[in-house]
Amino acid sequence: MSKISGSEAVIKCLLEEGVDIIYGYPGGAIMPVYDELYKYQDKIQHVLTRHEQGATHSAQGFARISGRVGVAIATSGPGATNLVTGIADAQIDSTPMVCITGQVGSHLLGSDAFQETDIIGISTPITKWNYQITKASEIPEIFAKAFYIAKSGRPGPVLIDITKDAQFEEFNFSYKRINGIRSYKPTPIINMDQIKKAADLINKAEKPLIVWGQGVILGNAEKEFTDLIEKSGIPAAWTILGASAIPTDHSLNVGMLGMHGNYAPNVLTNECDVLIAIGMRFDDRVTGDVNRYAKQAKIIHFEIDPAEVNKNIEVDIPVLGDAKETLSKIIPLIDKKSYKNWLDQFKKLYKIEYDKVIDGELNPSKKGLTMGEVIKEINFQTKGNAAIVSDVGQHQMVACRYANFNKSKSNITSGGLGTMGFALPAAIGAKMASPEREVVAVIGDGGYQMTIQELGTVFQTKAAVKIVVLNNDFLGMVRQWQQLFFDKRYASTEMVNPDFVKIAEGYYLKAKRVTERKDLANAVEEMIKSDEPYFLEVVVEKEGNVFPMIPTGSSVSEIRLS
């Protein structure tokens, strides 16, 4: 044990937890910690983002591609409140993250001191756990708890608020990592009777369908999941956060669920006799009208979080536990089968979707470039091995629908919160976590401008992110809804955009703009072959729509192809 300051203790705690990169922005209330960071530059890399929201999204991107806990740090007041969007995003998407905020001195708490904000009160609804440290001696225990809570069970964000006097105070430091907290049980005890019931129901099914989500990836259960579908022969469909758990071209991968998902899995959700949900939470974008969702089917729900069971959809057999463990226990009980006639129904409906939607999007005869053909070209140039980090909007749905994913943790996007501005900073974090991987950020012209200042972070860090802006001069998804449901009243959705190439060049990044189809392939090839950061703007058709589409309030079987 040695006597050190609270601020140095913070750094030592991070090192004990294996942290080597953090994202943040300094300020008065967190300055003592930054002073210690300066002394530990050889052990922890601090990435200066251009906005605190960028720090949280970068930490999210880092966590999502690596499976490790992302760390963001900010000062009090506006610095802390600027973290809120990223924290909320991490909470709903189950991303492990620890946020550290400075706070005014403990004697000033509650006095409306300069840059004082009750970040504990603000963040309570959007964190897995939070805590305010007012004594330096609390730091080791609270940090150990924070990292354990963030990454255990269903992961999520944790926030630690540290008063400035606690950062200066000295104490005898010692650190002990923990692997359990009394009264906190992150992983439910597995009930073998439920697993046997589930196996019996699956084995008797004639038209079973697996729907899987991010829980497969978060539980590192990709192998077990693959073994299950290949042994059972059951077709499997994915939520956008579950994408990439198995390769896109796997013979039993029948596509994407949800509002802009594939035709077959949506329609046939309401025709299957057994629906097996694995690591997904029956989000409203997946279910459509819950009163008309899979009413004909018996439903099995593999889930780690008991709060998600029967929350949106009543299920017949809940199977609680970590996906890796529950799947490994049910696989020996599953009969080896194939469902040729059932799979043929998926193929038949896919052919309808291909003819009416996909072919025109990927192989367009029309004049304007489509978002889909840009994604197709990126697939070709990266051979499906890139990590695609998408923002929120039409381009997100197109990227999720048409990108090829050959390895897990390749689809990084804002799912539950739908945060515009997510992609650019998240791509920075993803690239820094996995520098060996090609990381391509696919962004709309609207969301791009919400965090465009993070180009400064790209320039300063030299993170070789490939940035693709699909520019249609509209807030495209909102415009599509206005076209279809508001008689083309395009209220406040048309964008008057700047010269994006000049802005990128102002940050000393290689940049190019494509307006014609004949130039697309060479531009994408040049971008992918570059070993430096690269910005590519592609001007796409102005009023292109994303189909299929399930209108709000409709059943999944009422999905529209046009």
Side-chain angles (χ1 to χ4, degrees), residues 194-195 197-219 221-258 261-283 286-287 293-294 296-304 308-309 313 315-347 349-350 405 408 556:
Q194 293 297 93
I195 287 180
K197 288 178 184 177
D200 185 57
L201 187 58
I202 292 169
N203 289 334
K204 291 177 179 176
E206 295 181 2
K207 295 194 293 184
L209 174 62
I210 289 173
V211 294
W212 91 85
Q214 192 186 198
V216 172
I217 296 171
L218 293 173
E222 294 92 343
K223 181 184 183 303
E224 291 77 10
F225 179 70
T226 303
D227 291 347
L228 172 67
I229 64 170
E230 291 181 349
K231 183 178 183 183
S232 68
I234 298 173
W238 41 273
T239 70
I240 63 169
L241 294 185
S244 80
I246 61 173
T248 303
D249 61 359
H250 192 288
S251 61
L252 292 169
N253 185 339
V254 294
M256 177 171 126
L257 297 160
N262 292 108
Y263 189 53
N266 277 302
V267 169
L268 296 179
T269 291
N270 279 359
E271 294 186 24
C272 68
D273 59 353
V274 175
L275 186 71
I276 305 122
I278 303 174
M280 55 88 75
R281 57 188 180 86
F282 292 108
D283 174 74
V286 166
T287 64
Y293 181 80
Q296 80 294 338
K298 295 288 186 182
I299 301 178
I300 302 165
H301 193 183
F302 288 79
E303 177 57 50
I304 197 170
E308 293 294 349
V309 175
I313 298 294
V315 304
D316 298 280
I317 303 175
V319 179
L320 292 173
D322 179 86
K324 191 175 186 71
E325 295 179 24
T326 54
L327 293 182
S328 66
K329 290 184 183 300
I330 201 170
I331 289 168
L333 307 179
I334 297 297
D335 295 338
K336 187 170 181 61
K337 285 189 178 183
S338 63
Y339 296 88
K340 183 181 183 304
N341 293 338
W342 178 227
L343 282 166
D344 283 345
Q345 291 187 48
F346 285 89
K347 293 174 184 177
L349 293 182
Y350 176 79
F405 302 116
S408 188
V556 290

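- Here the side chains of Pro208 and Asp273 are in contact, with some heavy-atom distance below 4.5 Å.
- Distance alone, capped at 3.5 Å, places no donor-acceptor pair between the Lys207 side chain and the Val274 backbone.
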Name every donor-acceptor pair, under 3.5 Å, that has one atom in a side chain of residues 245-257 and the other anywhere in the protein, sequence neighbours excluded.
residue	atom	partner	partner atom	Å
Thr248	OG1	Phe405	N	2.7
Thr248	OG1	Phe405	O	3.4
His250	ND1	Leu252	N	3.0
His250	NE2	Glu230	OE2	2.8
Asn253	OD1	Trp238	NE1	3.0
Asn253	OD1	Gly255	N	3.1
Asn253	ND2	Pro247	O	3.3

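- Asn262 pairs by the side chain to side chain donor-acceptor pair (under 3.5 Å) definition with Glu353, not counting sequence neighbours.
- In this structure the side chain of Ile278 reaches within 4.5 angstrom of the side chain of Val216, judged on heavy atoms.
- Take Asp316 and apply the side chain to side chain donor-acceptor pair (under 3.5 Å) test, not counting sequence neighbours, and it matches no residue.
- Every pair passing ring-ring contact (aromatic ring centres under 6.0 Å, His included) that includes a residue from residues 316-344 is listed here, sequence neighbours excluded: Trp342-Phe346.
- Residues passing the side chain to side chain donor-acceptor pair (under 3.5 Å) test with Lys324, sequence neighbours excluded: Glu224.
- Take Trp212 and apply the side chain to side chain donor-acceptor pair (under 3.5 Å) test, not counting sequence neighbours, and it matches no residue.
- Contact between Lys329 and Ile195 at its shortest, heavy atoms only, is CB-CD1, 3.8 Å.
- Two residues are said to be in side-chain contact when any heavy atoms from C-beta on lie closer than 4.5 Å; Glu303 and Met280 fail this criterion.
- In this structure, Asn270 contributes its side chain and Ala294 its backbone to a donor-acceptor pair below 3.5 Å.
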